[in-house]
Amino acid sequence: MHYYPEKIEKKWQQYWANNKTFRAKDPKELANANSPSSGGGQGEAKPPFYVLDMFPYPSGAGLHVGHPLGYIASDIYARYKRLKGFNVLHPMGYDSFGLPAEQYAIQTGTHPAITTVANINTFRRQMDNIGFSFDWDREVRTSDPSYYKWTQWIFLQLFDACYCKNADKAIPISQLVEEFKTNGNKDVNAHCDETPLFSADEWNSWDEAKQQTILLNYRIAYLSEAYVNWCPALGTVLANDEVKDGVSERGGHPVERKLMKQWSMRISAYSQRLLDGLEGIDWSESLKEQQRNWIGRSEGASITFKVMEGASDVRNQMSENGNLNSDVSNLMSEIEVFTTRPDTIFGVSFMTLAPEHELVSQITTPEQKAEIEAYIAKAKARSDRERMADVKTISGAFTGAYAAHPFTGNPIPIWIGDYVLAGYGTGAVMAVPSGDQRDFNFAKHFNLPIPQVIEAPANSLPLGEGQGGAGVYESKDGTLINSDFLNGMKVKDAIKAAIAKLEEMGIGEGKINYRQRDAVFGRQRYWGEPIPIYYKDGVPYPVKEEHLPLTLPEIDEYLPTETGEPPLARAKGWGYDPERGAVSNSPSATVGAGSNSLPFGEGQGGAGEAVYPLELSTMPGWAGSSWYYLRYMDPNNDQEFCSKEAIDYWGSVNYYAGGAEHATGHLLYVRFWTKFLKDLGYLPFDEPAKKLVNQGMIQGRSNFLYRDKKSGKFVSHGLKDGFDVTAIHVDVNIVDNEVLDIEKFRNSREEYKNAEFILEDDKYICGWEVEKMSKSKYNVVNPDDIIERYGADTLRLYEMFLGPLEDAKPWNTNGIEGVSRFLKKFWNMFHAGDTFSVSEEEPTKKELKALHATIKKVQEDIERLSFNTSVSQFMICVNELNDLKCNKRAILEPLTVVISTYAPHIAEEIWSLLGHSESISFAEYPAFNESYLVEDSVSYPISFNGKTRLNLELPASMGKEEVEKVVLANAEVQERLEGAAPKKVIVVPGRIVNIVV
RNA sequence: GCGGAUGUGGUGAAAUUGGUAGACACGCCAGACUUAGGAUCUGGUGCCGUGAGGUGUGUGGGUUCGAGUCCCUCCAUCCGCACCA
């Protein structure tokens with residue numbers, strides 16, 4: 001009987017679905033597991049194991065062969081863990097809010113929910129084709145109100161919390177309010193925006209609006225006026241990780257800085273914990289490094305420089321502003337800088353402020369005003385992109401003002417320059433040209449002094465400008481000179497001494513700075529979770545928990561309004577009544593929590609009803625994905641985001657798989673929310689995943705034809721150098737092992753109908769190149785096509801056989817025949833002609849050895865995620881057993897269990913033919929028995945000076961001395977020695993003999 | 001510039017602790033069977049050489065009886081960050 005994958009695969013996929021074979025058991029069920037009806041054959045005392053894939057955004061393009069790579073590996077791992085006796089949680093869902101469905105809605109008017117469902121159905125069908133062992137009863141969709149109810153709920157927790165630096169965790173905002181009531185904010189050590197000091201009396205005297213405004217400075221989810229990345233083409237703001245090289249990551253549209261009132265997340269409060277947490281988790285080093293980079297911790301000092309009196313008309317400007325007291329004016333005439341090298345403070349010869357620095361206009365002298373303003377205008381006109389692309393051009397301008405050196409009191413000229421970034425540190429630097437390349441370049445360009453303060457160790461070369469002249473020395477290896485009380489100290493000690501002195505003088509302190517900024521959370525888009533906030537007198541208030549979910553209202557068009565408000569502003573009469581919940585007069589809208597949609601007046605707050613406007617921006621794509629792994633544990637809970645019982649039982653994810661492109665986005669946010677939920681006592685762990693695996697990117701592999709420019713004929717690859725040719729892409733699906741299917745090519749397009757070819761060996765050989773997988777390059781391969789031709793088991797095996805999981809590799813269908821043949825051979829071992837037949841005979845030693853070597857190897861391979869080598873081992877085993885003509889149940893049955901992790905359909909079919917009535921998933925991974933691998937004799941390679949010359953078969957039990965004796969007595973060895981005595985003989989028992997002559 | 005990763009046949013790759021480099025496949029070559037085959041089976045296949053043999057894991061050096069594996073140097077490719085003070 002032939003192996004027909006198309007027949008058996010559909011059948012087993014149906015069986016798994018009908019029998020819910022891969023349903024993970026809830027802790028409740030396990031508690032009652034002693035009852036005999038626990039069903040499914042699952043044992044009772046199984047430990048939990050959580051295998052998670054990053055859920056996909058259901059795009060219209062469907063899955064391509066890159067997606068399943070990671071899913072297949074996880075599936076093998078999950079199936080293996082089931083066989084090893086674990087209660088495995090292996091769920092799948094959809095990150096179903098997002099821009100593409102909305103862009104499509106804008107173009108066509110189709111509701112994004114409709115597009116999304118259609119795409120999900122395609123994804124589901126494609127995934128089902130591959131035979132994944134997902135527990136589909138736990139599917140989540142982030143765009144489903146029953147799911148985003150809890151995303152909104154978590155948002156409210158974030159809104160209702162602040163970060164206490166003393167406790168080093170998030171605490172409820174109510175605790176902060178208590179403190180304000182009794183002591184004001186003088187003792188508060190929270191992560192917050194700059195907030196003036198106030199007393200308890202002041203706090204208590206303020207009205208609610210004022211109090212709420214102050215609280216926004218502390219909330220972890222907060223509204224503030226800040227510069228954001230505004231993308232006009234997408235009509236929304238973007239988070240830093242969504243902007244690459246000055247353009248949007250999705251779509252590549254230009255992004256500009258814009259001052260806007262925006263929802264943000266105070267993730268920067270967690271910078272240090274996000275950094276520290278990396279130590280304890282098993283994630284790839286490159287990924288951890290990316291996160292460290294992104295967080296960008298640097299240790300140093302903040303130092304305050306006083307702007308010198310008389311050098312500017314600071315005070316005059318102050319008094320024009322009226323209400324500023326002397327404290328503030330004092331504060332305003334100081335410049336705070338951050339430096340990682342406080343030891344080089346005596347090398348400061350000027351200061352540089354970012355052009356956007358708030359002090360610039362105040363300190364600039366009248367004489368320099370024109371120059372400074374011209375420079376600022378020029379800097380503003382340059383986009384971020386230009387500025388980044390052009391880092392070599394040095395530019396700046398002198399403000400005319402001077403600061404006093406904190407130790408010497410000497411005047412230091414204050415410059416502005418766009419090499420100083422407004423967004424990092426304080427937007428001001430103390431420039432030490434002898435210790436920093438950028439300061440050095442600036443000093444050179446503007447002819448500023450370059451005092452030397454570090455003496456390099458004798459053995460290191462002078463850098464920069466050569467002997468005698470001024471140079472740059474950035475290394476921390478050296479001794480301080482020309483630096484008063486720091487002279488003679490090593491850099492490391494000098495840093496400490498400088499900080500101590502600054503602190504003693506009250507003009508500076510040791511400080512740690514992070515590059516990571518707070519994450520912008522609002523999006524001016526439709527297809528996302530509505531932010532559950534309403535406004536009373538312009539002040540944000542949380543929607544009551546009982547009114548969640550705050551569902552998306554229906555709107556007529558998915559575009560911003562004429563006045564530039566987000567699409568949600570189009571929802572007629574959409575507003576919030578703290579008694580009834582959200583209301584709307586849109587007939588099809590579902591209105592929150594038990595209330596029906598009500599007829600309503602003209603626009604928000606109309607018809608005289610006390611209805612408050614709701615927040616119009618929605619949450620970003622990463623909101624739903626920041627906690628979905630928790631929802632899978634308890635997906636249908638309508639009382640909580642997830643029960644404590646489920647969280648305690650499953651714990652954090654054991655194995656999390658996904659692309660490395662999420663390093664600074666999703667994977668930081670999910671860690672942030674996990675830590676936050678831990679702080680509030682909802683979780684017993686503070687990292688989402690103990691182990692994380694990045695599957696390598698699957699690149700495209702394009703094929704090319706070469707058209708002769710003169711004749712228009714297509715020249716085969718090997719002959720093309722004799723012609724003047726143009727390379728053109730050809731669909732990889734009509735090329736097999738670089739040989740073009742000429743018939744298919746001619747029929748592919750009208751213009752190729754009469755194409756002529758210059759062949760080599762009667763074949764047209766195509767060229768190839770690795771490129772991005774994309775439609776325009778005709779190199780996209782759809783898993784459905786592979787499955788149709790070879791079957792899902794072949795696809796699964798082949799994707800693994802391609803190479804190490806974590807390596808980037810081009811997709812190349814060449815070679816798939818090999819695994820396809822393997823499966824046929826495996827199938828045929830159980831068949832004699834047309835009948836299924838296995839023998840009940842006792843296995844031989846050789847057969848047992850082949851089996852147990854495979855049991856061992858595959859187990860080790862899966863544990864260390866070396867999925868490609870298991871496939872080789874299966875082939876080796878089947879080849880050996882074939883040579884031995886083995887069809888014994890005692891060998892083939894356990895082998896089928898081992899193979900079932902990779903090729904589950906064929907394994908199920910054989911398992912049932914072997915007489916089992918239950919799924920092979922409920923089998924046990926066969927026990928490995930070392931004794932079957934022990935050989936009686938060893939074939940020793942005998943090498944001379946490390947070069948193997950012959951092999952000798954010797955008993956495995958033979959000792960070192962005896963082996964040496966026997967080897968030296970051997971005739972061929974003697975012949976090679978030509979009578980000379982060897983200098984040395986090395987015998988490694990069981991491995992090798994090396995004779996040194 | 002900084003950081004991370006990777007370099008092994010015509011191709012994908014293996015070699016987990018330093019112990020016969022190239023397992024397992026693809027492709028290619030030769031043969032068998034067949035009316036035929038993009039089917040199946042057998043044998044061969046790193047490179048140079050008819051051969052004995054030589055040579056060979058990006059480059060150059062080192063440690064070792066022995067190095068793809070450990071150490072140093074340089075080169076190339078990919079990824080991330082990038083005027084981060």
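As the structure is a prediction and not an experimental result, all values here were calculated from the model. Throughout, a chain's letter reflects where its sequence line sits, starting with A, and its residues are numbered from 1.
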Looking across every strand, which nucleic acid part, if any, lies under 4.0 Å from F822(A) by heavy atom: base, sugar-phosphate, or nothing? nothing
Taking only the C1' atom of each, what is the distance from C79(B) to A25(B) in whole angstrom? 29 Å
Closest to the Q290(A) side chain, choosing from C24(B), A85(B), G80(B): G80(B)
Residue R746(A) excluded, over 12 heavy atoms near CZ under 6.0 Å: yes
By nearest-heavy-atom nucleotide on RNA chain B, the more 5' of G296(A) and S866(A) is S866(A)
When the P atoms of U42(B) and C33(B) are compared, how many Å lie between them, rounded to an integer? 15 Å
Using both distances under 3.5 Å as the test, list the Watson-Crick or G-U wobble partner of A21(B), or none. none
Using a cut-off of less than 4.0 Å, is there contact between a side-chain N or O of N879(A) and OP1 or OP2 of A23(B)? no
Would you kindly check whether a donor in the side chain of N293(A) faces an acceptor in the base of C81(B), or vice versa, at under 3.5 angstrom? no
Which of these nucleotides, G3(B), A85(B), A14(B), is closest to any side-chain atom of T869(A)? A14(B)
Presence of salt bridge, E972(A) and R949(A), under 4.0 angstrom: no
Please classify the nucleic acid contact of D741(A) as base, sugar-phosphate, or nothing, using heavy-atom distances under 4.0 Å. base
When we call it a touch if two heavy atoms are under 4.0 Å apart, what does E860(A) touch: a base, just sugar-phosphate, or nothing? base
Tell me whether the OP1 or OP2 atom of U11(B) has a side-chain N or O from N812(A) closer than 4.0 Å. no
Base, sugar-phosphate or nothing for V988(A)? Non-hydrogen atoms, less than 4.0 Å. base
Could you give the distance separating A15(B) and U8(B) at their P atoms, to the nearest angstrom? 15 Å
Using Watson-Crick or G-U wobble geometry with both distances under 3.5 Å, which nucleotide pairs with C83(B)? none
Rounded distance in Å - CG (N240(A)) to P (C81(B)): 12 Å
Pairwise C1' distance for C83(B) and C75(B), with rounding to whole Å: 28 Å
Taking atom CD of E788(A) as the centre, report whether more than 12 heavy atoms of other residues, nucleotides or ligands fall under 6.0 Å from it. no
Which way is the base of G54(B) turned, syn or anti, if we draw the line at 90° from 0? anti
On a plain distance test, is the side chain of K857(A) in donor-acceptor contact with the base of U16(B) below 3.5 Å? yes
Provide the distance between the two C1' atoms, one in C29(B) and one in G46(B), to the nearest whole Å. 15 Å
Less than 4.0 angstrom between a side-chain N/O of R515(A) and OP1 or OP2 of A82(B), yes or no? yes
Pick out which of F874(A), F801(A), F822(A), Y77(A) makes a ring pair (Phe, Tyr, Trp, His ring centres under 6.0 Å) with Y902(A). F874(A)
Quick check: are there more than 12 heavy atoms from other residues, nucleotides or ligands sitting under 6.0 Å from NZ of K809(A)? yes
Hey, is the side chain of K809(A) poking within less than 4.0 Å of OP1 or OP2 on C78(B), counting only N and O atoms? no
Closer than 4.0 Å, any side-chain N/O of R991(A) to the OP1 or OP2 of U17(B)? no
Gap in Å between the two C1' atoms, one belonging to G9(B) and one to U73(B), rounded: 27 Å
Roughly how many Å apart are G49(B) and G1(B), using the C1' atom of each and rounding to a whole number? 49 Å
Would you say the rings of Y4(A) and W827(A) are close, in the sense that their centroids are separated by under 6.0 Å? no
Between K763(A) and G803(A), which residue's closest nucleotide on RNA chain B lies nearer the 5′ terminus? G803(A)
For A85(B), take OP1 and OP2 only and decide whether either is under 4.0 Å from a side-chain N or O of S298(A). yes
Sugar-phosphate only, base, or nothing, as touched by S286(A) at under 4.0 Å among non-hydrogen atoms: sugar-phosphate
Could you let me know what U69(B) is paired to, Watson-Crick or G-U wobble, both distances under 3.5 Å, or none if it's on its own? none
Look at atom CE of M958(A) and say whether more than 12 heavy atoms of other residues, nucleotides or ligands are closer to it than 6.0 Å. yes
Students often get this wrong, so: under 4.0 angstrom with heavy atoms, is L802(A) touching a base, only sugar-phosphate, or nothing? sugar-phosphate
Searching all strands shown, indicate the nucleotide that pairs with G7(B) (Watson-Crick or G-U wobble; both distances under 3.5 Å). C75(B)
Provide the Watson-Crick or G-U wobble partner of G51(B), both distances under 3.5 Å; none if there is no partner. none
Would you indicate which nucleotide in G19(B), A13(B), U40(B) comes nearest to any side-chain atom of R821(A)? U40(B)
So, H717(A) versus F704(A), ring centres under 6.0 angstrom or not? no
From the candidates G12(B), C26(B), A13(B), the one with an atom nearest any side-chain atom of P804(A) is A13(B)
Between U77(B) and C70(B), how far is it from one P atom to the other, in whole Å? 24 Å
Return the nucleotide paired to A32(B): Watson-Crick means purine N1 to pyrimidine N3 with N6-O4 or O6-N4, wobble means G-U with N1-O2 and O6-N3, both under 3.5 Å. U40(B)
